[in-house]
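Quick notes on the structure that follows.
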Amino acid sequence: MLTIKLRYKSPDKEASELIVHSVIDKSVDINNTSDNFRFASAVAGFAMLLRDSEYKGTDNFKQVLSLATDATGTDAEGYRSEFINLVKKASRHKSDVGIN
């Protein structure tokens, strides 16, 4: 997919060093990703729905809510639960005004 090349020099050395890392695109089912990745995806999907982004694809509030709920994981501060409640409220509001 892409190759990242980074060159750096330690202050105590004369020559710089090159790090080359190739990033390979491999499809991974969303259910096989981390809670953090899935939750971040839900947040991004929610933002695209609120803005009615052309990139939202087939996302809808029900999908965002399901993804976020399944990816709550450890939520010590309750931020993820707050987000889920926000999605529910937005979903009800959008339904009330006839927007999916």
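Numbers here are sequence positions counted from 1.
- The two residues Gln63 and Thr58 have their closest heavy-atom pair at OE1-O, 3.0 Å.
- Annotation: the span from Asn32 atom CG to Ser27 atom OG amounts to 11.5 Å, rounded to 0.5 Å.
- Among pairs with a residue in residues 2-21, none fulfils ring pair (Phe, Tyr, Trp, His ring centres under 6.0 Å), at least two apart in sequence or across chains.
- Take Asn31 and apply the side chain to side chain donor-acceptor pair (under 3.5 Å) test, not counting sequence neighbours, and it matches Asp29.
- Partner Ser22 forms a side chain to side chain contact (heavy atoms under 4.5 Å, CB included) with one of Ile4, Leu2, Thr3 and no other, that one being Thr3.
- Under the 4.5 Å side-chain criterion, counting only non-hydrogen atoms from C-beta, Lys5 is not in contact with Ile19.
- In this structure, the side chains of Leu49 and Val64 come closer than 4.5 Å at one or more pairs of heavy atoms.
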What pairs of donor and acceptor atoms, side-chain ones from residues 34-43 against any protein atom, are under 3.5 angstrom apart with sequence neighbours left out?
{"from": "Ser34", "atom 1": "OG", "to": "Phe37", "atom 2": "N", "distance (Å)": "3.0"}
{"from": "Asp35", "atom 1": "OD1", "to": "Arg38", "atom 2": "NH2", "distance (Å)": "2.5"}
{"from": "Asn36", "atom 1": "OD1", "to": "Arg80", "atom 2": "NH2", "distance (Å)": "2.5"}
{"from": "Arg38", "atom 1": "NH1", "to": "Thr33", "atom 2": "O", "distance (Å)": "2.4"}
{"from": "Arg38", "atom 1": "NH1", "to": "Ser34", "atom 2": "O", "distance (Å)": "3.4"}
{"from": "Arg38", "atom 1": "NH2", "to": "Asp70", "atom 2": "O", "distance (Å)": "3.4"}
{"from": "Ser41", "atom 1": "OG", "to": "Phe37", "atom 2": "O", "distance (Å)": "2.9"}

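- In this structure, CD in Glu82 is found 10.5 Å from CD in Glu77, a value given to the nearest 0.5 Å.
- Nearest heavy-atom pair across Glu14 and Lys9 is O-CD, 3.7 Å.
- At a threshold of 4.5 Å between side-chain heavy atoms, the hydrophobic network of Ile, Leu, Val, Met, Phe, Trp and Tyr places Leu65 and Phe83 in one connected group.
- The line from OG of Ser66 to CZ of Phe61 is 14.5 Å long, rounded to the nearest 0.5 Å.
- Distance alone, capped at 3.5 Å, is enough to place a donor-acceptor pair between the Asp75 side chain and the Tyr79 backbone.
- With hydrogens and angles disregarded, a donor-acceptor distance shorter than 3.5 Å links the side chain of Ser53 to the backbone of Tyr55.
- Rounded to the nearest 0.5 angstrom, Asp59 CG and Met48 CE are separated by 6.0 Å.
- Under a hydrophobic clustering in which Ile, Leu, Val, Met, Phe, Trp and Tyr are joined whenever their side-chain heavy atoms come within less than 4.5 Å, directly or via other members, Leu67 and Val87 fall into different clusters.
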